[in-house]
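Only one structure is covered here, and it is reproduced in the block below.
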Amino acid sequence: KTSMMTEMMDYSEEVNRIAKDMAAGAWDSASAKDSRFSTAASQLIFGRRIGEGTQGEVRLARHATTGKRYVVKILDLDQDSDDVNDTSLMPSSNVRVSDAKRQASSLTDEEATAVETEADCLRMLSHPNVVRCHGSFRLDPTDDDALQRRHPRLCIVMSHCEGGDLATLLARTKGQPLPEDAVMRWLVQLLLALDHVHSKHTLHRDLKPENFLLKEKGAPLDKNSIKVIDFGSACREHGKVHTYIQSRYYRSPEVVMGQGYGTPIDMWSLGCVLAELYTGRPLFPAKSEVELMLLVAELLGLPDRKSVV
C-alpha cells in the first residue's frame with residue numbers, strides 16, 4: 001500500500017486545476033456576483049422549499065428570463081406571532097417546521113448578527129469549492145412579494161448544486177464506505193476551500209455532511225466536484241462568541257469545554273466527516289456532550305492537564 005505522501009501527490013493535478021481556475025480569474029469575487037439580484041425579486045420565480053430552520057428557509061428558484069436555476073436562502077430579519085398561523089409557506093411533508101420557529105417572536109441580537117454575517121461571508125468568499133453567491137436583496141412587506149410574508153427578509157441567491165449533499169449520499173450507501181478515490185479528491189478540494197475561508201479570517205463552525213454539496217447529479221463520484229455551503233454559523237475570527245456551535249458529532253473538544261478556539265475547530269469537523277466517508281458511519285455518534293468526550297478520550301486518550309485548565 002502506498003504511503004499517504006504518495007497518495008496525496010497523486011492528487012496534485014486536482015490542486016493544480018483549482019489553482020489554474022483561480023489564477024485565470026474564473027472565480028474573481030467581482031465576476032462571481034450577479035447585479036441583477038441586487039435590488040428586486042421580480043426576476044425570480046420561487047419554487048418548492050428544500051430546507052427550513054429557525055432563521056428562515058431555503059427555496060429553489062429560476063430566473064424568469066434565462067430559466068437558470070438558483071437556490072435562495074430567505075432569512076427572516078424580524079418575526080411576529082402572526083406568522084405562526086401563516087400557512088402560505090408551510091413546508092411539504094418531508095420538511096418539518098421546527099418548534100423554535102413556531103414559537104419565535106423576534107430575532108435575538110445574536111441571530112440578527114448571524115444573518116448579517118452569513119450574507120457578508122458569502123459576498124466576500126470566492127472559491128471553486130465554496131458555493132457561489134450571485135447577490136442578495138431585501139424583501140419588505142410592502143414589496144410585490146410572491147412569498148406573502150408580513151416581515152422583512154434578506155434573500156441570498158446562490159448557485160444550485162444538483163448532486164445533493166453528502167448526508168443523503170451516506171444514507172443511500174447504508175453504512176458502506178464511499179470510494180477512496182472520490183473521498184481523496186473531495187478532501188483536496190475541501191482543504192483548499194477551507195484554506196480560502198480561513199485566509200479571510202473566517203470560521204465556518206458547522207461543517208458536517210449536510211453542508212457539503214456535490215455539483216452535478218449523476219456524475220461519477222470521483223469526477224464530481226464538491227462545495228461548502230451554509231455559513232449561517234460562521235463568524236469572523238475577531239468576533240467569536242461561545243454559543244451553541246458545531247453539530248454534536250463534529251464538535252471539537254475545545255468548544256465542548258468552553259475554551260478559546262480558532263480555525264482548528266473546522267479542521268476537527270472536516271476530519272470527523274472524512275472518517276465517516278471512509279467508514280460509512282459517524283466517528284463520534286454521541287447522544288450528549290459527556291458521551292462525546294468519552295468517545296474522543298477512548299479513541300485519542302485523555303487530554304493533558306494544561307488543555308483543561
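Keep in mind the model is a prediction, meaning the values are calculated, not measured.
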Apply side-chain contact (heavy atoms from CB on, under 4.5 Å) to Ile245 and Arg251, showing your working.
CA-CA 8 Å; Ile245 60 172; Arg251 191 173 300 151; over 6 Å; no

Between Val58 and Val72, does a side-chain contact (heavy atoms from CB on, under 4.5 Å) hold up when you go through it step by step?
CA-CA 6 Å; Val58 181; Val72 183; over 6 Å; no

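- Annotation for Arg248: atom CZ counts as buried by contact number, over 12 foreign heavy atoms lying within 6.0 Å.
- Val256 is connected to Leu300 through a chain of hydrophobic side-chain contacts under 4.5 Å among Ile, Leu, Val, Met, Phe, Trp and Tyr, so both are in one cluster.
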If you apply the rule side-chain contact (heavy atoms from CB on, under 4.5 Å), what do you find for Val131 with Asp230, and how did you get there?
CA-CA 9 Å; Val131 67; Asp230 195 352; over 6 Å; no

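- Residues Leu292 and Leu302 do not share a hydrophobic cluster, defined by chaining ILVMFWY side chains whose heavy atoms lie under 4.5 Å apart.
- In this structure the side chain of Lys208 never reaches within 4.5 angstrom of the side chain of Ser269, judged on heavy atoms.
- Atoms CD1 and CG, from Ile226 and Leu190 in turn, are 4.5 Å apart once rounded to the nearest 0.5 Å.
- Heavy-atom neighbours of Arg236 CZ from other residues, nucleotides or ligands within 6.0 Å: above the threshold of 12.
- Summarising the geometry of Leu170 relative to Gly280, their closest heavy-atom pair is CD2-CA, 4.5 Å, with the distance given to 0.1 Å.
- Using a 30° and 60° split on the angle between ring planes, His134 and Tyr70 fall in the perpendicular class, above 60°.
- In the hydrophobic clustering of this structure, Leu299 groups with Leu295; members are Ile, Leu, Val, Met, Phe, Trp, Tyr whose side-chain heavy atoms approach within less than 4.5 Å, directly or through other members.
- The shortest distance between side-chain heavy atoms of Thr202 and Met124 falls below 4.5 Å.
- For the pair Ser247 (side chain) and Tyr249 (backbone), a donor-acceptor distance under 3.5 Å is absent.
- Taking NZ of Lys200 as the reference point, atom SG of Cys121 lies at 11.5 Å (rounded to 0.5 Å).
- Here the shortest heavy-atom pairing between Leu44 and Ala61 reads CD2-CB, 4.4 Å.
- Between the Asn211 side chain and the Asp206 main chain, a donor and an acceptor come within less than 3.5 Å of each other.
- A donor atom on one side chain and an acceptor atom on the other are found under 3.5 Å apart for Tyr250 and Glu276.
- Contact between Ile229 and Phe212 at its shortest, heavy atoms only, is CG1-N, 4.4 Å.
- Looking only at side-chain heavy atoms (C-beta outward), Ile74 and Phe46 come within less than 4.5 Å of each other.
- The side-chain hydrogen bond (donor to acceptor under 3.5 Å, both in side chains) check on Ser199 picks up nothing, with sequence neighbours excluded.
- Between the CG atom of Leu283 and the OH atom of Tyr278 there is a distance of 14.0 Å, given to the nearest 0.5 Å.
- Arg123 and Ser136 get closest at one heavy-atom pair: NH2-OG, 2.8 Å.
- Gln246 places a side-chain N or O within 3.5 Å of a backbone atom of Ile265 that can act as its donor or acceptor partner.
- Criterion: ILVMFWY side-chain heavy atoms under 4.5 Å apart, direct or through other members. Under it, Met257 and Val296 are part of a common hydrophobic cluster.
- You'll find the side chain of Met184 stays beyond 4.5 Å of the side chain of Val188, heavy atoms only.
- In terms of modelled atom types and a separation under 3.5 Å, the side chain of Arg205 and the main chain of Ser233 share a donor-acceptor contact.
- The backbone N or O of Pro128 sits less than 3.5 Å from a side-chain atom of Lys227, completing a donor-acceptor pair.
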For Phe137 and Val157, what are the C-alpha separation, side-chain angles and deciding distance, and is it a side-chain contact (heavy atoms from CB on, under 4.5 Å)?
CA-CA 8 Å; Phe137 54 83; Val157 182; 3.7 Å; yes

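- Counting only heavy atoms from C-beta outward, the side chains of Leu277 and Leu169 never approach each other to under 4.5 Å.
- Defined by atom type and a distance below 3.5 Å, a donor-acceptor pair is missing between the side-chain atoms of Ser225 and Gln189.
- In this structure a side-chain-to-backbone donor-acceptor pair under 3.5 Å is missing from Arg69 to Arg62.
- The closest side-chain donor-acceptor pair between Asp165 and Thr168 falls under 3.5 angstrom.
- To the nearest 0.5 Å, atom NZ of residue Lys68 and atom CD of residue Gln43 are 13.5 Å apart.
- In this structure, the separation between CZ on Arg138 and SG on Cys155 is 10.5 Å, given to the nearest 0.5 Å.
- Glu210 is linked by a side-chain hydrogen bond (donor to acceptor under 3.5 Å, both in side chains) to nothing, counting only residues two or more places apart in sequence or in another chain.
- With sequence neighbours excluded, the residues that form a ring pair (Phe, Tyr, Trp, His ring centres under 6.0 Å) with Phe231 are His204.
- The main-chain N or O of Glu216 is found under 3.5 Å from a side-chain atom of Asn224 such that the two form a donor-acceptor pair.
- Pairing each heavy atom of Asp76 with each of Gly56, the nearest pair is OD2-CA, 4.1 Å.
- How far CG of Leu207 is from CG of Leu270: 6.5 Å, rounded to the nearest 0.5 Å.
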